[in-house]
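In this text, all values refer to a predicted model and were calculated from it rather than measured experimentally.
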Amino acid sequence: MQPRGTINEVEFDSTALGETLPLLVYLPASFSPLYKYSLLIVQDGKDYFQMGRLARFADELLDKREIGNIIIVGVHYKSVEDRRNKYHPNGKENQTYIRFLAHELVPWLDKEYPTTAMGKSRTLMGDSLAATVSLMAAIKYPNIFGQVILHSPYVDETVLEAVRGHRDPSLLDVYQVVGKEEDVVKISNNRDFLTPNRKLHDLFVEKGFHTFYDEFEGGHSWKYWQPDVKRALQKMLG
C-alpha cells in the first residue's frame, strides 16, 4: 500500500481580506524540512480534495516518482456569493483576493515551509471561476506564479484582455482543458464555455505561451474534471 500524505486544516488571518480563511495543507508522506518543495495553491480547495481526489493522486504520483516534491495548499470559499465576489473578474473582492494570494499567502508559505521560492515552482489551479481567478493572479504576478492549471475556466473579455496585455509569456506555463459538451452549461444560465476557451487557447498560442490544451468528452462537472486532475499533476509537476 502506498504511503499517504497528511492533510491539516490551518486558520489563516488575512489582513487584506479582513477575515480568517481555513486552508487545507497537504504534506507528502516523505515530508522533511531538509528538502525543498514546489507549491500547488488550489482555489475551490475543498472541492479538489474531496471531489477531485487530489491527495490520492498526489500520493500515487509521488510514490511512483512521477512528480517532484510538492506541498499542496487548498483555499476554499464560504458560500456561492463569497466565491463569486472573490473569483469572478468583476467580483467586488476579486483584486483583493488576488493580492492576498501574492502578497500574504505566498510569503507566509515560504516562511512556514521549505519551499523552492521561485515563480516556476509555484502553480495555481482551479475549476470554472476558480480557474479564472488562478489565471488572473498568474497574469498579474508572473514572477510569483509561473504555472497555472485551468479546468474549464470562465472566460470573458476581461480575461482575454489581461492575456493580450501580458508582456512576457515565457514566465507562465499553462495547462488548459474544457469539455466538448460545454457549449451549453445549464448551471451557468446555459452559457457557452467551449467557444471562449478555444479563443483563450488561440490567444495563448498567438502570444507564445508554453501551453497544453485538450478538449475532453463531457461537460462542466467534477465527473469529468476528476479524472483529469492526475494528468494535470503529471504534466505540470512531473
_Test side chain to side chain contact (heavy atoms under 4.5 Å, CB included) applied to His201 and Val174, step by step_ = CA-CA 9 Å; His201 171 61; Val174 179; over 6 Å; no
*Got Leu40 and Leu233 here, is their nearest side-chain heavy-atom distance under 4.5 Å?*
yes
*For the residue pair Ile41 and Val106, establish whether any side-chain heavy-atom pair is separated by less than 4.5 Å.*
yes
_Given 3.5 Å as the limit, does a donor-acceptor pair link the side chain of Asn94 with the main chain of His88, or not?_
yes
*Check whether any side-chain heavy atom of Ile7 sits under 4.5 Å from a side-chain heavy atom of Phe49, and report yes or no.*
yes
*Side-chain contact, heavy-atom cut-off 4.5 Å: Lys36 with Asn69?*
no
*Could you tell me whether a side-chain N or O of Thr132 sits under 3.5 Å from a main-chain N or O of Tyr154, the two making a donor and an acceptor?*
yes
*State, with a plain yes or no, whether a side-chain heavy atom of Leu129 is found less than 4.5 Å away from one of Tyr77.*
no
*4.5 Å side-chain heavy-atom contact, Glu11 and Asp13*: no
*Within-4.5 Å side-chain heavy-atom neighbours: Val25 and Glu112*: no
_Please check this pair: side chain of Thr116 against backbone of Tyr37, looking for a donor-acceptor N/O pair closer than 3.5 Å._
yes
*Apply ring-ring contact (aromatic ring centres under 6.0 Å, His included) to the pair Phe100 and Phe12, showing each step before the final yes or no.*
CA-CA 11 Å; Phe100 149 75; Phe12 185 89; 5.7 Å; yes
*Is there a donor-acceptor contact under 3.5 Å from the side chain of Asn197 to the main chain of Val155?*
no
*Do NZ/NE/NH1/NH2 and the carboxylate oxygens of Asp110 and Arg122 come within less than 4.0 Å?*
yes
*Going by atom types only, do Lys64 and Gln2 share a side-chain donor-acceptor pair under 3.5 Å?*
no
*So, Glu81 and Arg84, do they make that salt bridge, N to O below 4.0 Å?*
no
*Would Leu200 end up clustered with Phe193 when hydrophobic side chains under 4.5 Å apart are linked, directly or stepwise?*
yes
*asked:* Main chain of Ile98, side chain of Tyr141: is a donor-acceptor contact present, judged purely on distance under 3.5 Å?
replied: no
*Donor-acceptor pair, Asp59 side chain versus Gly5 backbone, under 3.5 Å?*
yes
*Donor-acceptor pair, Tyr48 side chain versus Gly126 backbone, under 3.5 Å?*
yes
*Not counting sequence neighbours, which residues clear side chain to side chain contact (heavy atoms under 4.5 Å, CB included) with Arg56? List them please.*
Arg53
_Side-chain heavy-atom pair Met125, Met236 within 4.5 angstrom cut-off_ = no
*Locate the shortest heavy-atom distance separating Val148 from Ala138; write the atom from each residue and the value.*
CB-CB, 4.4 Å
_Pairing of Arg164 and Glu206 as salt bridge, 4.0 angstrom limit_ = no
*Would you sort out whether Thr158 and Met136 count as a side chain to side chain contact (heavy atoms under 4.5 Å, CB included), showing the intermediate values?*
CA-CA 9 Å; Thr158 303; Met136 295 296 273; 4.0 Å; yes
*Give a yes or no answer on whether the side chain of Glu104 reaches the backbone of Thr15 with a donor-acceptor pair at less than 3.5 Å.*
yes
*Show your working on side chain to side chain contact (heavy atoms under 4.5 Å, CB included) between Leu172 and Phe145 and close with a plain yes or no.*
CA-CA 7 Å; Leu172 182 60; Phe145 305 111; 5.7 Å; no
*Pair Gln43, Tyr97: side-chain N/O donor-acceptor within cut-off below 3.5 Å*: yes
_Using side chain to side chain contact (heavy atoms under 4.5 Å, CB included), reason through Val205 and Asp202 one step at a time and then give a plain yes or no._
CA-CA 5 Å; Val205 172; Asp202 289 344; 5.6 Å; no
*So, does Lys235 use its side chain to make a donor-acceptor pair with the main chain of Tyr175 at under 3.5 Å?*
no
*Main-chain N/O of Met51 paired to Gln226 side chain as donor or acceptor, under 3.5 Å*: yes
